[in-house]
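Counting from 1, the numbers follow the sequence of the chain as shown.
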Amino acid sequence: TEIYTLSLHDALPISGCALYVSTSSTTVALGFSAGKAEVGYYTAADKLIKAATAMLTPLTQALYPYITALKAASPSSALEVIRKSLISTSALAFCASGAALVFARPICDLLLGHTFEKSAYVLQWLSPLPFVFGLMSVFGTQTMLVFRMDSAMSRIMFTSAVAGFPLTLFLSRVSGAQGAAAASTTLALAMLIAMITTLRIRGLTVWQLRASE
């Protein structure tokens, strides 16, 4: 699995990088464990989730250079902008995840056709990802990279990539495409928890009204 090198001056949005890490080896593991049909069901649902997640990327890309410049002048002001971004991004991402969960079947029927009926269940398993990746874009791109925590971010990505393949292999063998989707969601949640834990240790609790400086 490819691991991107993260830097403050050439930042790949964390949500996109995390999405790559969580899905890059999934189809290989799924195909090996459950066959081509299950890969098709997973891939179809995964494309819909990627489209939903991509809608959040412009917001992250627009704010990143602004927060970086603001942090150089006033770290506390940068943290205040990050808190506001967390609220707006969370709201948008939550709506995207909720829509994917509630309307999975009509969405798949409309965009994929009745042949991919099983993809609706896969989409429901993947539905938390827009919300999770939205939070990761704030905690990762807008906070960890801006505050020069590149090495910690790289360790999280590397550990996730290492753990992702065997987890996907096991769950896809048990439950096919739905198992692979569960593995992707579990991996993304683990990455998010690792980011939150790292920020808490460093005192950058941007989810609170006042962060420790």
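- The distance from atom OG1 of T43 to atom CG of L48, rounded to the nearest 0.5 Å, is 11.0 Å.
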* Could you please spell out the steps behind the side-chain contact (heavy atoms from CB on, under 4.5 Å) verdict for M149 and T143? => CA-CA 8 Å; M149 298 168 65; T143 307; 5.7 Å; no
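- Taking 4.5 Å as the limit, every side-chain heavy atom of L199 sits out of range of all side-chain heavy atoms of F147.
- Here the side chains of R200 and W207 are in contact, with some heavy-atom distance below 4.5 Å.
- Taking the side chain to side chain contact (heavy atoms under 4.5 Å, CB included) definition, one finds that A52 meets it with M55, P130, sequence neighbours left out.
- The heavy-atom pair separating M153 from G140 by the smallest distance is SD-CA, 4.2 Å.
- In this structure, T186 OG1 and W125 CH2 are separated by 7.5 Å, a value rounded to the nearest 0.5 Å.
- Between S119 and Y42, the side chains place no donor N or O within less than 3.5 Å of an acceptor N or O (distance only, hydrogens not considered).
- The hydrophobic cluster containing F94 also contains F103, counting ILVMFWY residues as joined when their side-chain heavy atoms lie under 4.5 angstrom apart, directly or transitively.
- No chain of hydrophobic side-chain contacts below 4.5 Å, direct or via other Ile, Leu, Val, Met, Phe, Trp or Tyr residues, connects L189 to L167.
- F133 is not listed as a side-chain neighbour of L192, based on a closest heavy-atom distance of 4.5 Å or more.
- In this structure, CE in M136 is found 12.5 Å from CG in L56, a value given to the nearest 0.5 Å.
- Separation of atoms CG (L112) and CG (D109) is listed at 8.5 Å; rounding is to 0.5 Å.
- Proximity of L135 to S90: side-chain heavy atoms (C-beta onward) are separated by under 4.5 Å at one or more points.
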* **K50 and D46: CA distance, side-chain angles, deciding distance, salt bridge (Lys or Arg N to Asp or Glu O under 4.0 Å) verdict** => CA-CA 6 Å; K50 284 181 178 178; D46 181 57; 3.3 Å; yes
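- Not counting sequence neighbours, the partners of T197 by the side chain to side chain contact (heavy atoms under 4.5 Å, CB included) test are I193, I201.
- A heavy-atom distance below 4.5 Å is not found between the side chains of F116 and L111.
- Side-chain contact between L63 and T141 is absent, with no heavy atoms from C-beta onward closer than 4.5 Å.
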* **Y64 vs L145, side-chain contact (heavy atoms from CB on, under 4.5 Å): CA-CA, chis, key distance, verdict** => CA-CA 9 Å; Y64 174 76; L145 294 188; 4.2 Å; yes
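- F165 and V174 fall into different hydrophobic clusters, where Ile, Leu, Val, Met, Phe, Trp and Tyr residues are linked whenever their side-chain heavy atoms come under 4.5 Å apart, directly or through other members.
- Between S97 and F131, the shortest heavy-atom contact is OG-N, 2.9 Å.
- Under the 4.5 Å side-chain contact rule for hydrophobic residues, L30 and L171 do not share a cluster.
- A distance-only check finds no donor-acceptor pair linking the side chain of T168 to the backbone of A29 [under 3.5 Å].
- I67 and I87 sit in two unconnected hydrophobic clusters of ILVMFWY residues. Membership requires side-chain heavy atoms under 4.5 Å apart, directly or through other members.
- Of the possible polar contacts, one joining the S88 side chain to the S85 backbone as a donor-acceptor pair under 3.5 Å is found.
- A donor-acceptor distance shorter than 3.5 angstrom exists from the side chain of S172 to the backbone of L169, with no hydrogens or angles considered.
- Contact record, A177 with E38: N-OE1, 2.8 Å, taken as the closest heavy-atom pair.
- Listed here is the closest heavy atom pair of P58 and A54: CD-O, 3.3 Å.
- Within a 6.0 Å radius of NZ in K71, more than 12 heavy atoms belonging to other residues, nucleotides or ligands are found.
- Closest heavy-atom contact between C108 and L123: SG-CD2, 3.9 Å.
- The two residues A188 and L129 make their nearest non-hydrogen contact at CB-CD2, 3.5 Å.
- Between the side chain of Q142 and the backbone N or O of I82 there is no donor-acceptor pair closer than 3.5 Å.
- Judged by distance alone, the side chain of S160 and the main-chain N or O of M191 form no donor-acceptor pair under 3.5 Å.
- S127 contributes no side-chain N or O that, together with a main-chain N or O of A100, makes up a donor-acceptor pair within less than 3.5 Å.
- Side chains of E117 and Y41 form no contact here, defined as non-hydrogen atoms less than 4.5 Å apart.
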